[in-house]
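Comments concern the structure below.
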Amino acid sequence: MSENTELYNLAAQRLNEFMKGKITRKTPERFEILRVVCQTQGIFSIDELQEEMEKKAKFQVSRVTLFNTLKLLEEAKLVIKHTLSRAAHYECCVTPHPMVCLVCEQCGLVRKLESSKIENWLSEQKCKHFAVTQPVLYFHGLCRSCMVKNSIKKRKANSKTKIQKK
Ligand SMILES: [Zn+2]
């Protein structure tokens, strides 16, 4: 059994328990979305999940279904929602672990920084009168492609002013 199947089985069991006594129906689409979420590495947007669903899933699901299911998975604590940039980003967190995220303030890209040093530090942090369930640290800044775009723009602007001066 692969690690992803184990993760999915655990997640599906938790989702079943969460939905007990709730009015929401246990549709096969929801579990299919959960399966794809469990296979997805790192942070993803709804658009990226929709792409993955088209590639991997047995069902075609609408954006509305994806959005509502992610909301349900978030309530069931199976997914974490990062609401920092223009579009919300999600991440599978069936087994919570400390994470460090890089957020580009220009294009809205959110990606994970793999740093066991910071992750270890995060997991060791204790807060007075506060029980930490999910330690997340965000670094805001500029991504590589935005830095490149900006320097090209700057160079173009500089050469224009030089031409105007001549
Ligand atoms: Zn960027």
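Note that the numbering runs from 1 along the sequence shown for the chain. If you're wondering where the values come from, they're calculated on a predicted model, not measured in any experiment. Atoms within each ligand, like the ligands themselves, are counted from 1 in listed order.
Salt-bridge check for K20 with E17: failed, with every basic side-chain N at 4.0 Å or more from each acidic carboxylate O. For the pair E52 and K55, the salt-bridge criterion is met [side-chain N within less than 4.0 Å of a carboxylate O].
Annotation: salt bridge (Lys or Arg N to Asp or Glu O under 4.0 Å) contacts involving residues 105-114, sequence neighbours excluded, comprise E91-K112. For residues 133-156, no pair satisfies salt bridge (Lys or Arg N to Asp or Glu O under 4.0 Å), with sequence neighbours left out. Under the side chain to side chain donor-acceptor pair (under 3.5 Å) criterion, the residue pairs touching residues 133-143 are H82-Y138, with sequence neighbours excluded.
Excluding waters, the set of protein N/O/S atoms under 2.8 Å from the Zn ion (ligand 1) reads C104 SG, C107 SG, C143 SG, C146 SG.
Although no hydrogens or angles enter the test, the distance criterion places a donor-acceptor pair under 3.5 Å between the side chain of H97 and the main chain of T95.
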